[in-house]
Amino acid sequence: MTGIVVVSHSRPLADAAVTLVRGLIPGLEAPLEVAAGLPDGTLGTDATEIMAAIEAADDGTGVVVLADLGSGVLAAQTALELLDPELAARVHLSGGALVEGLVAAYAAAGTGKDPVAARADADAAASLKLRQVAGPPPP
Amino acid sequence: MSPTALTELDAGDTAAWIRRAARLIAVRADELTALDAAIGDADHGANMKRGMNAAVEALPDAPEAPAAVLKQTAMALISKVGGAAGPLYGTFFLRMSTALAGRQTIDTAALADAVAAGIGGIVQRGNAETGDKTMLDAWSPALQALRDRSGEAEGTLARAVAAAADAAAAGRDATEPMLAKKGRASYLGERSIGHIDPGAASTALIMQALADVVSGRVTGEA
């Protein structure tokens, strides 16, 4: 099954996002790992921790990575460069917003979609919200 | 007796560079953080100090080759810095290491090639270019200074690295009037003008550290 990794500067933010998605979509069991914050509790990201999370989330199917912003993305890209190239080829970094993208990717993974399709769903999640906010088209 | 300048860098000299860079960054950490407080999140000095200290701790007693020193430095920075500077400097030293694979010593031309490879990594990772008010604005003129002198005859390393350190410092100062186009500072728009970029400032210190080692002013213990 496609695995998911949540990358954030903040451990509480990442843990809350995981609690949220598991609460919103109960009954699915996609592998879900967190790499967030620094060991001393301060804000930050660690590319080597992201590597370990990707390795833990992959069962051979591949992984979608959701990162919050800025150096979260840089650290995730660095982790891809450091990973075994064979595994890195199965890892897909989403450009989606963290919460919207995570819900979409988790649902996709849990319903059997491959990492490419799950990443596409995560990337599209923000535009679905934009349409929701815009409301129905004028008659 | 005046200090003896190095004509090339071996593994021990490369380790001395990392120790000296850690020392300069530790001494100036508060200053780097103050620059970051103006246009970022006020952690650059503390982050770089923590990362460079981890890099020094990772140095082997008897390093085998410059590439090994640079790779260990890269991994320490990637895992310990925490902010964007970790992946950026980590990728810089990783690409430098790859460019120097198999070499026991580094002359001016090899140094220039390795710095160019490192800059390529920063450009790829940060998706930035010169003039965006980032560390590239210090690295790029430093590389140009190395390139300008890499064709000269013997004894060029000390002059080339001194010129590169001066160029990095000038590049750092030149970021002050720039509008930030990358990183956290870019959220501030016009308010980013009038402040030196903290990443360019730490880059200038790293180049100064190399100049200190190459000139012979500081030794392996730095």
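Because the structure is a prediction, the values reported are computed rather than measured. So that the names make sense, note that chain A is the first sequence line, chain B the second, and so on, each numbered from 1.
Checked for salt-bridge contact, A:R11 and A:D15 meet the test: a charged N lies under 4.0 Å from a carboxylate O.
By a heavy-atom distance cut of under 4.5 Å, A:L69, A:S71, A:L74, A:A75, A:Q77, A:T78, A:E81, A:L82 are the residues of residues 59-96 of chain A near chain B, going up by number. Within residues 175-199 of chain B, the residues approaching chain A closer than 4.5 Å by heavy atoms are, in numerical order, B:R184, B:Y187.
The aromatic rings of B:W139 and B:F92 lie parallel to each other, their planes meeting at an angle below 30°, with 60° marking the opposite boundary.
In terms of heavy-atom pairs under 4.5 Å with chain A, the best-connected choice from B:D41, B:I78, B:V81, B:L88 is B:I78.
At least one side-chain heavy atom of B:M96 sits less than 4.5 Å from a side-chain heavy atom of B:V115. Residues A:V5 and A:V7 meet the side-chain proximity criterion, which asks for heavy atoms closer than 4.5 Å. B:L146 is listed as a side-chain neighbour of B:V161, based on a closest heavy-atom distance under 4.5 Å. Between A:T48 and B:M75 the shortest side-chain heavy-atom distance falls below 4.5 Å.
Residues B:Y89 and B:T73 have side chains that never bring a donor and an acceptor to within less than 3.5 angstrom of each other. Side-chain polar atoms of B:N47 and B:R50 form a donor-acceptor pair below 3.5 angstrom. Side-chain atoms of B:D132 and B:T134 form no donor-acceptor pair, as typed in the model, at a separation below 3.5 Å.
For B:S79, the parts lying near chain A are the backbone and the side chain together; criterion is any non-hydrogen pair under 4.5 Å.
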Legend entry - B:R20/B:Q208 under side chain to side chain donor-acceptor pair (under 3.5 Å): CA gap, chis, key distance, verdict: CA-CA 9 Å; B:R20 180 64 177 169; B:Q208 182 59 50; over 6 Å; no
